[in-house]
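Data block below; observations after.
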2 protein chains.
Amino acid sequence: MLISEFAKATELPVDTIRFYISKGLLKPQRSAKGGSNPYQLFSPEDVTAARMIRLQQTLGYSLREIQALNDAYRAGESSPARTVEILQTQIARLEERKAALDAALSFLRGKVNWIKAGKPDTAPRLEDYRC
Amino acid sequence: MLISEFAKATELPVDTIRFYISKGLLKPQRSAKGGSNPYQLFSPEDVTAARMIRLQQTLGYSLREIQALNDAYRAGESSPARTVEILQTQIARLEERKAALDAALSFLRGKVNWIKAGKPDTAPRLEDYRC
DNA sequence: CTTGACCATGGAGTATGGTCAATACTTATA
DNA sequence: TATAAGTATTGACCATACTCCATGGTCAAG
(Lines give C-alpha, C1' and ligand atoms only; values in the text may rest on other atoms or scores of the structure.)
Protein backbone atom coordinates (compact mmCIF):
# COMPACT_ATOMS: atom_id res chain seq x y z
CA MET A 1 0.00 0.00 0.00
CA LEU A 2 1.00 3.62 -0.47
CA ILE A 3 1.58 6.05 2.35
CA SER A 4 -1.94 7.55 2.47
CA GLU A 5 -3.51 4.13 2.84
CA PHE A 6 -0.91 3.20 5.42
CA ALA A 7 -1.79 6.39 7.29
CA LYS A 8 -5.43 5.28 7.46
CA ALA A 9 -4.49 1.74 8.49
CA THR A 10 -2.29 2.96 11.33
CA GLU A 11 -4.27 6.09 12.19
CA LEU A 12 -1.04 8.05 12.02
CA PRO A 13 -0.59 11.35 10.14
CA VAL A 14 1.42 11.03 6.93
CA ASP A 15 3.95 13.49 8.33
CA THR A 16 4.48 11.37 11.40
CA ILE A 17 5.03 8.28 9.26
CA ARG A 18 7.64 10.14 7.22
CA PHE A 19 9.19 11.31 10.46
CA TYR A 20 9.43 7.73 11.73
CA ILE A 21 10.95 6.63 8.43
CA SER A 22 13.51 9.42 8.64
CA LYS A 23 14.42 8.17 12.11
CA GLY A 24 14.79 4.59 10.88
CA LEU A 25 11.79 3.33 12.88
CA LEU A 26 9.98 2.21 9.75
CA LYS A 27 11.71 0.90 6.66
CA PRO A 28 9.15 0.47 3.87
CA GLN A 29 10.14 -0.92 0.48
CA ARG A 30 10.54 1.25 -2.57
CA SER A 31 8.31 0.66 -5.54
CA ALA A 32 9.63 0.60 -9.09
CA LYS A 33 7.25 3.49 -9.74
CA GLY A 34 7.99 7.08 -8.99
CA GLY A 35 10.94 7.69 -11.30
CA SER A 36 13.44 9.53 -9.21
CA ASN A 37 11.99 9.56 -5.65
CA PRO A 38 10.29 6.17 -5.95
CA TYR A 39 7.16 5.69 -3.90
CA GLN A 40 7.32 3.90 -0.59
CA LEU A 41 5.39 0.65 -0.33
CA PHE A 42 4.03 -0.45 3.02
CA SER A 43 3.25 -4.04 3.92
CA PRO A 44 0.93 -5.43 6.62
CA GLU A 45 4.09 -6.09 8.63
CA ASP A 46 4.77 -2.35 8.52
CA VAL A 47 1.32 -1.79 10.00
CA THR A 48 2.23 -4.20 12.80
CA ALA A 49 5.55 -2.43 13.27
CA ALA A 50 3.80 0.95 13.51
CA ARG A 51 1.36 -0.39 16.11
CA MET A 52 4.30 -1.84 18.00
CA ILE A 53 5.97 1.57 18.04
CA ARG A 54 2.85 3.21 19.47
CA LEU A 55 2.55 0.48 22.09
CA GLN A 56 6.18 0.93 23.06
CA GLN A 57 5.58 4.66 23.42
CA THR A 58 2.75 4.03 25.86
CA LEU A 59 5.14 1.74 27.73
CA GLY A 60 7.42 4.71 28.28
CA TYR A 61 10.10 4.17 25.67
CA SER A 62 11.57 7.05 23.67
CA LEU A 63 11.74 6.78 19.91
CA ARG A 64 15.50 6.35 20.18
CA GLU A 65 15.08 3.41 22.54
CA ILE A 66 12.36 1.91 20.39
CA GLN A 67 14.66 2.05 17.41
CA ALA A 68 17.50 0.38 19.30
CA LEU A 69 15.18 -2.25 20.74
CA ASN A 70 13.55 -3.09 17.43
CA ASP A 71 16.79 -3.04 15.46
CA ALA A 72 18.33 -5.45 17.95
CA TYR A 73 15.23 -7.58 17.70
CA ARG A 74 15.36 -7.67 13.90
CA ALA A 75 19.07 -8.51 14.06
CA GLY A 76 18.12 -11.60 16.06
CA GLU A 77 19.84 -10.27 19.20
CA SER A 78 16.92 -11.47 21.22
CA SER A 79 16.14 -14.26 23.62
CA PRO A 80 13.49 -14.82 26.28
CA ALA A 81 16.03 -14.13 29.02
CA ARG A 82 17.21 -10.93 27.39
CA THR A 83 13.65 -9.79 26.75
CA VAL A 84 12.69 -10.38 30.36
CA GLU A 85 15.74 -8.38 31.39
CA ILE A 86 14.72 -5.46 29.16
CA LEU A 87 11.16 -5.56 30.41
CA GLN A 88 12.26 -5.61 34.03
CA THR A 89 14.56 -2.65 33.47
CA GLN A 90 11.59 -0.72 32.17
CA ILE A 91 9.41 -1.89 35.05
CA ALA A 92 12.00 -0.49 37.46
CA ARG A 93 12.07 2.84 35.59
CA LEU A 94 8.31 3.17 35.60
CA GLU A 95 8.16 2.30 39.28
CA GLU A 96 10.57 5.12 39.99
CA ARG A 97 8.38 7.55 38.11
CA LYS A 98 5.38 6.22 39.95
CA ALA A 99 7.09 6.75 43.30
CA ALA A 100 7.85 10.36 42.33
CA LEU A 101 4.24 10.79 41.30
CA ASP A 102 3.06 9.31 44.61
CA ALA A 103 5.28 11.67 46.55
CA ALA A 104 3.86 14.64 44.64
CA LEU A 105 0.33 13.38 45.17
CA SER A 106 0.72 12.96 48.90
CA PHE A 107 2.27 16.42 49.12
CA LEU A 108 -0.67 17.93 47.23
CA ARG A 109 -3.21 16.00 49.30
CA GLY A 110 -1.46 17.10 52.47
CA LYS A 111 -1.71 20.72 51.38
CA VAL A 112 -5.39 20.39 50.62
CA ASN A 113 -6.02 18.98 54.07
CA TRP A 114 -3.82 21.60 55.66
CA ILE A 115 -5.70 24.41 53.98
CA LYS A 116 -9.12 22.92 54.69
CA ALA A 117 -8.36 22.24 58.34
CA GLY A 118 -5.80 24.90 59.21
CA LYS A 119 -6.66 28.53 58.85
CA PRO A 120 -9.64 28.53 56.52
CA ASP A 121 -9.92 32.30 56.24
CA THR A 122 -6.23 33.06 55.60
CA ALA A 123 -4.85 33.01 52.08
CA PRO A 124 -1.94 30.57 52.07
CA ARG A 125 1.46 32.19 51.66
CA LEU A 126 4.36 31.08 49.51
CA GLU A 127 6.20 30.06 52.66
CA ASP A 128 3.48 27.59 53.52
CA TYR A 129 4.48 25.51 50.54
CA ARG A 130 7.97 24.77 51.68
CA CYS A 131 8.92 21.11 51.92
CA MET B 1 23.12 39.40 46.77
CA LEU B 2 24.52 39.08 43.27
CA ILE B 3 23.69 36.28 40.90
CA SER B 4 26.62 34.01 41.73
CA GLU B 5 25.78 34.05 45.42
CA PHE B 6 22.13 33.49 44.58
CA ALA B 7 23.20 30.53 42.47
CA LYS B 8 24.93 29.00 45.47
CA ALA B 9 22.01 29.73 47.77
CA THR B 10 19.52 28.08 45.44
CA GLU B 11 21.84 25.41 44.03
CA LEU B 12 20.79 26.48 40.57
CA PRO B 13 23.17 27.17 37.68
CA VAL B 14 23.57 30.84 36.84
CA ASP B 15 22.31 30.14 33.33
CA THR B 16 19.15 28.57 34.68
CA ILE B 17 18.55 31.59 36.91
CA ARG B 18 18.94 33.91 33.92
CA PHE B 19 16.62 31.66 31.99
CA TYR B 20 13.98 31.89 34.71
CA ILE B 21 14.34 35.67 34.81
CA SER B 22 13.93 35.85 31.04
CA LYS B 23 10.71 33.85 31.42
CA GLY B 24 9.43 36.15 34.16
CA LEU B 25 9.61 33.49 36.87
CA LEU B 26 12.06 35.50 38.93
CA LYS B 27 12.06 39.29 39.08
CA PRO B 28 15.13 40.48 40.97
CA GLN B 29 15.77 44.14 41.59
CA ARG B 30 18.33 46.13 39.66
CA SER B 31 21.20 47.72 41.49
CA ALA B 32 22.30 51.26 40.77
CA LYS B 33 25.64 49.75 39.83
CA GLY B 34 26.48 48.33 36.46
CA GLY B 35 26.11 51.41 34.29
CA SER B 36 24.17 50.21 31.30
CA ASN B 37 23.18 46.62 32.10
CA PRO B 38 22.81 47.17 35.85
CA TYR B 39 23.47 44.18 38.07
CA GLN B 40 20.58 42.13 39.34
CA LEU B 41 20.10 42.06 43.09
CA PHE B 42 18.52 39.01 44.72
CA SER B 43 16.76 39.03 48.08
CA PRO B 44 16.05 36.18 50.49
CA GLU B 45 12.50 36.24 49.12
CA ASP B 46 13.94 35.47 45.70
CA VAL B 47 15.61 32.42 47.22
CA THR B 48 12.23 31.33 48.56
CA ALA B 49 10.66 31.97 45.17
CA ALA B 50 13.31 29.86 43.46
CA ARG B 51 12.75 26.99 45.87
CA MET B 52 9.04 27.34 45.29
CA ILE B 53 9.59 27.00 41.55
CA ARG B 54 11.61 23.82 42.00
CA LEU B 55 8.97 22.40 44.31
CA GLN B 56 6.25 23.21 41.79
CA GLN B 57 8.27 21.44 39.11
CA THR B 58 8.41 18.28 41.20
CA LEU B 59 4.63 18.64 41.59
CA GLY B 60 4.30 18.34 37.84
CA TYR B 61 3.80 21.95 36.78
CA SER B 62 5.41 23.37 33.65
CA LEU B 63 7.30 26.63 33.89
CA ARG B 64 4.49 28.34 32.02
CA GLU B 65 1.97 27.12 34.57
CA ILE B 66 4.23 28.06 37.45
CA GLN B 67 4.50 31.57 36.09
CA ALA B 68 0.74 31.91 35.72
CA LEU B 69 0.14 30.45 39.18
CA ASN B 70 2.70 32.64 40.91
CA ASP B 71 1.75 35.79 39.04
CA ALA B 72 -1.88 35.28 40.01
CA TYR B 73 -0.77 34.64 43.57
CA ARG B 74 1.29 37.84 43.67
CA ALA B 75 -1.63 39.74 42.18
CA GLY B 76 -3.67 38.63 45.17
CA GLU B 77 -5.97 36.49 43.02
CA SER B 78 -5.78 33.82 45.64
CA SER B 79 -8.03 32.37 48.29
CA PRO B 80 -8.10 29.12 50.23
CA ALA B 81 -10.99 27.85 48.11
CA ARG B 82 -9.24 28.75 44.85
CA THR B 83 -6.00 27.20 46.05
CA VAL B 84 -7.73 23.97 46.97
CA GLU B 85 -9.34 23.97 43.54
CA ILE B 86 -5.96 24.38 41.83
CA LEU B 87 -4.39 21.68 43.94
CA GLN B 88 -7.23 19.27 43.23
CA THR B 89 -6.95 19.89 39.51
CA GLN B 90 -3.31 18.91 39.70
CA ILE B 91 -4.13 15.88 41.84
CA ALA B 92 -6.52 14.74 39.12
CA ARG B 93 -3.86 15.23 36.44
CA LEU B 94 -1.26 13.29 38.34
CA GLU B 95 -3.72 10.51 39.05
CA GLU B 96 -4.33 10.20 35.33
CA ARG B 97 -0.62 9.88 34.68
CA LYS B 98 -0.37 7.35 37.46
CA ALA B 99 -3.18 5.32 35.95
CA ALA B 100 -1.36 5.31 32.59
CA LEU B 101 1.81 4.24 34.36
CA ASP B 102 -0.08 1.48 36.17
CA ALA B 103 -1.52 0.23 32.90
CA ALA B 104 1.97 0.13 31.36
CA LEU B 105 3.36 -1.62 34.42
CA SER B 106 0.72 -4.32 34.43
CA PHE B 107 1.26 -4.84 30.71
CA LEU B 108 5.01 -5.23 31.23
CA ARG B 109 4.54 -7.54 34.21
CA GLY B 110 2.08 -9.61 32.23
CA LYS B 111 4.63 -9.98 29.45
CA VAL B 112 7.32 -11.06 31.86
CA ASN B 113 5.04 -13.72 33.30
CA TRP B 114 3.94 -14.79 29.84
CA ILE B 115 7.49 -15.24 28.68
CA LYS B 116 8.60 -16.99 31.84
CA ALA B 117 5.66 -19.37 31.90
CA GLY B 118 4.71 -19.68 28.25
CA LYS B 119 7.22 -20.96 25.76
CA PRO B 120 10.56 -20.60 27.51
CA ASP B 121 12.61 -21.70 24.54
CA THR B 122 10.91 -19.58 21.88
CA ALA B 123 12.07 -16.06 21.21
CA PRO B 124 9.04 -13.78 21.53
CA ARG B 125 7.84 -12.34 18.25
CA LEU B 126 6.69 -8.82 17.53
CA GLU B 127 3.16 -10.10 17.20
CA ASP B 128 3.20 -11.34 20.77
CA TYR B 129 3.33 -7.77 21.99
CA ARG B 130 0.04 -6.69 20.56
CA CYS B 131 -2.49 -5.29 22.99
C1' DC C 1 45.64 51.77 35.93
C1' DT C 2 45.85 47.30 34.52
C1' DT C 3 44.34 42.74 35.26
C1' DG C 4 41.24 39.35 36.49
C1' DA C 5 36.86 38.11 38.21
C1' DC C 6 32.15 38.96 37.73
C1' DC C 7 28.06 40.67 35.24
C1' DA C 8 24.65 41.42 31.16
C1' DT C 9 22.71 40.50 26.60
C1' DG C 10 21.60 38.07 22.58
C1' DG C 11 21.61 34.27 20.00
C1' DA C 12 22.79 29.59 18.93
C1' DG C 13 22.65 24.78 20.14
C1' DT C 14 20.68 20.37 22.47
C1' DA C 15 17.14 16.76 23.00
C1' DT C 16 12.30 15.09 22.18
C1' DG C 17 8.46 14.34 19.09
C1' DG C 18 6.43 16.00 16.01
C1' DT C 19 3.97 19.50 12.32
C1' DC C 20 3.88 22.41 8.29
C1' DA C 21 5.16 24.41 3.95
C1' DA C 22 7.64 24.93 -0.56
C1' DT C 23 9.16 22.67 -4.46
C1' DA C 24 9.14 19.32 -7.79
C1' DC C 25 7.90 15.04 -9.78
C1' DT C 26 4.50 11.18 -10.96
C1' DT C 27 0.19 9.07 -11.62
C1' DA C 28 -4.52 8.62 -12.63
C1' DT C 29 -8.63 10.64 -14.55
C1' DA C 30 -11.43 13.22 -17.73
C1' DT D 1 -3.21 16.01 -23.11
C1' DA D 2 -4.32 18.84 -19.33
C1' DT D 3 -5.42 18.89 -14.62
C1' DA D 4 -5.98 17.28 -10.04
C1' DA D 5 -4.47 14.26 -6.58
C1' DG D 6 -0.86 11.87 -4.51
C1' DT D 7 4.19 11.49 -3.45
C1' DA D 8 9.21 12.69 -2.15
C1' DT D 9 12.64 15.77 -0.22
C1' DT D 10 14.32 19.55 2.22
C1' DG D 11 14.23 22.52 5.60
C1' DA D 12 11.77 25.52 8.73
C1' DC D 13 9.07 25.79 12.82
C1' DC D 14 6.61 24.51 17.40
C1' DA D 15 6.90 23.68 22.57
C1' DT D 16 9.72 22.48 26.75
C1' DA D 17 13.68 23.34 29.65
C1' DC D 18 17.66 24.29 29.59
C1' DT D 19 23.00 25.07 28.38
C1' DC D 20 26.70 27.29 26.20
C1' DC D 21 29.14 30.97 23.86
C1' DA D 22 30.72 35.44 22.09
C1' DT D 23 30.77 40.08 23.05
C1' DG D 24 31.22 43.78 25.86
C1' DG D 25 30.59 46.42 30.16
C1' DT D 26 31.93 46.86 35.29
C1' DC D 27 34.21 46.35 39.65
C1' DA D 28 37.79 45.53 43.01
C1' DA D 29 42.56 44.48 44.16
C1' DG D 30 47.36 45.30 43.56
Side-chain angles (χ1 to χ4, degrees), chain A residues 1-43 46 49-70 90 93 97 100, chain B residues 1-43 46 49-70 90 93 97 100:
Chain A
M1 67 186 88
L2 294 179
I3 199 167
S4 60
E5 195 183 343
F6 183 69
K8 276 172 202 157
T10 58
E11 292 172 55
L12 291 174
V14 168
D15 278 336
T16 300
I17 295 164
R18 293 218 172 94
F19 175 72
Y20 287 171
I21 294 167
S22 77
K23 293 286 176 182
L25 287 162
L26 290 172
K27 306 180 205 287
Q29 284 191 315
R30 292 289 177 155
S31 77
K33 292 188 171 180
S36 63
N37 298 346
Y39 292 174
Q40 296 169 125
L41 284 182
F42 299 83
S43 66
D46 290 322
R51 293 208 182 113
M52 179 68 189
I53 290 166
R54 295 311 253 195
L55 170 59
Q56 286 170 302
Q57 281 190 305
T58 72
L59 295 179
Y61 290 103
S62 69
L63 293 185
R64 182 177 299 268
E65 289 169 327
I66 292 169
Q67 191 195 0
L69 245 31
N70 295 0
Q90 188 64 2
R93 274 178 31 174
R97 287 192 213 168
Chain B
M1 65 186 90
L2 295 178
I3 198 167
S4 61
E5 197 184 341
F6 184 68
K8 276 171 201 156
T10 58
E11 293 172 58
L12 290 175
V14 169
D15 277 334
T16 301
I17 295 163
R18 293 219 172 94
F19 175 71
Y20 287 171
I21 294 167
S22 77
K23 293 285 176 183
L25 286 161
L26 291 172
K27 309 182 205 284
Q29 284 192 315
R30 293 289 178 152
S31 76
K33 292 188 173 180
S36 63
N37 298 347
Y39 293 175
Q40 296 168 126
L41 284 182
F42 299 84
S43 65
D46 290 322
R51 292 209 183 111
M52 179 67 190
I53 290 166
R54 296 310 255 195
L55 170 60
Q56 286 169 302
Q57 282 191 305
T58 72
L59 296 180
Y61 290 103
S62 69
L63 294 186
R64 182 176 299 268
E65 289 169 328
I66 292 169
Q67 192 196 0
L69 245 30
N70 295 0
Q90 187 65 1
R93 272 176 36 173
R97 287 191 213 169

Exercise. Heavy atoms under 4.0 Å is the rule here; annotate nucleotides 8-16 of chain D 5' to 3' with B where the base is hit, S where only the sugar-phosphate is, and - elsewhere.
Key: SB------S
Quiz prompt | Angle between terminal axes - the helix from dC1(C)-dG30(D) to dA30(C)-dT1(D), 5 pairs each end, rounded to 10° | solution = 30°
Quiz prompt | Between dG6(D) (P) and L2(A) (CG): distance, integer Å | solution = 11 Å
Exercise. Mind checking ring-ring contact (aromatic ring centres under 6.0 Å, His included) for Y20(A) and listing every partner two or more places apart, or none if nothing turns up?
Key: none
Self-check item: Spacing of CG belonging to L12(A) relative to CZ belonging to F6(A), to within rounding of 0.5 Å
Solution: 7.0 Å
Practice problem: Round to a whole Å and report the spacing from CD1 of I17(A) to C1' of dG17(C). | Solution: 15 Å
Only pairs under 3.5 Å count here: list side-chain donor-acceptor contacts from residues 59-68 of chain B, not counting sequence neighbours, and write none if there are none.
residue	atom	partner	partner atom	Å
S62(B)	OG	E65(B)	N	3.2
S62(B)	OG	E65(B)	OE1	3.4
E65(B)	OE1	S62(B)	N	2.9
E65(B)	OE1	R93(B)	NH2	3.4
E65(B)	OE2	R93(B)	NH1	2.6
Q67(B)	NE2	K23(B)	O	3.1

Practice problem: Would you mind reading off the distance between K8(A) atom NZ and dG6(D) atom C1', rounded to a whole angstrom? | Solution: 11 Å
Practice problem: Hey, could you give me each pair passing salt bridge (charged side-chain N to carboxylate O under 4.0 Å, His left out) that has a residue in residues 1-17 of chain B? Not counting sequence neighbours. | Solution: none
Practice problem: Could you tell me whether the side chain of D46(A) reaches within less than 4.5 Å of the side chain of Q29(A), counting heavy atoms only? | Solution: no
Quiz item: Closer than 4.0 Å, any side-chain N/O of Q57(B) to the OP1 or OP2 of dC18(D)?
Solution: yes
Quiz item: Between L12(A) (CG) and dT19(C) (C1'), how many Å, whole number?
Solution: 14 Å
Self-check item: Residue list, side-chain hydrogen bond (donor to acceptor under 3.5 Å, both in side chains) with T16(A), at least two apart or on another chain
Solution: none
Quiz item: How long is the line joining CZ of F19(B) and C1' of dA8(C), in whole Å?
Solution: 17 Å
Quiz prompt | Partner residues of R97(B) under the side-chain hydrogen bond (donor to acceptor under 3.5 Å, both in side chains) criterion, sequence neighbours left out | solution = none
Practice problem: Whole angstrom is fine here: how far is it from CG in L25(A) over to P in dG17(C)? | Solution: 9 Å
Please list each protein N or O that sits under 3.5 Å from an N or O in nucleotides 20-24 of chain C, with the distance.
none

Quiz item: Can you name the closest pair of heavy atoms from P38(B) and S31(B) and give their distance?
Solution: CB-O, 3.3 Å
Quiz prompt | Partner residues of I21(A) under the side chain to side chain contact (heavy atoms under 4.5 Å, CB included) criterion, sequence neighbours left out | solution = I17(A), L26(A), P28(A), Q40(A), F42(A)
Quiz item: Which is true for Y20(B) with a 4.0 Å heavy-atom rule: it touches a base, it touches only sugar-phosphate, or it touches nothing?
Solution: sugar-phosphate
Quiz prompt | Whole angstrom value for the distance that separates P of dA17(D) from CZ of R54(B) | solution = 11 Å
Quiz prompt | Distance, nearest 0.5 Å, that separates CZ of R18(B) from CD1 of I3(B) | solution = 4.0 Å
Between the protein and nucleotides 28-30 of chain C, are there any N/O to N/O pairs under 3.5 Å, and if so, what are the atom names and distances?
residue	atom	partner	partner atom	Å
dA28(C)	OP1	K33(A)	NZ	3.4

Quiz prompt | side chain to side chain contact (heavy atoms under 4.5 Å, CB included) partners for S4(B), two or more places apart | solution = none
Practice problem: Check whether any side-chain nitrogen or oxygen of T16(A) sits under 4.0 Å from OP1 or OP2 of dG17(C), and answer yes or no. | Solution: no
Practice problem: Return the minimal non-hydrogen interatomic distance between A9(B) and M1(B), and the atom names on each side. | Solution: CB-SD, 4.4 Å
Practice problem: Please identify each residue that fulfils side chain to side chain contact (heavy atoms under 4.5 Å, CB included) with K27(B), with sequence neighbours left out. | Solution: D71(B), R74(B)
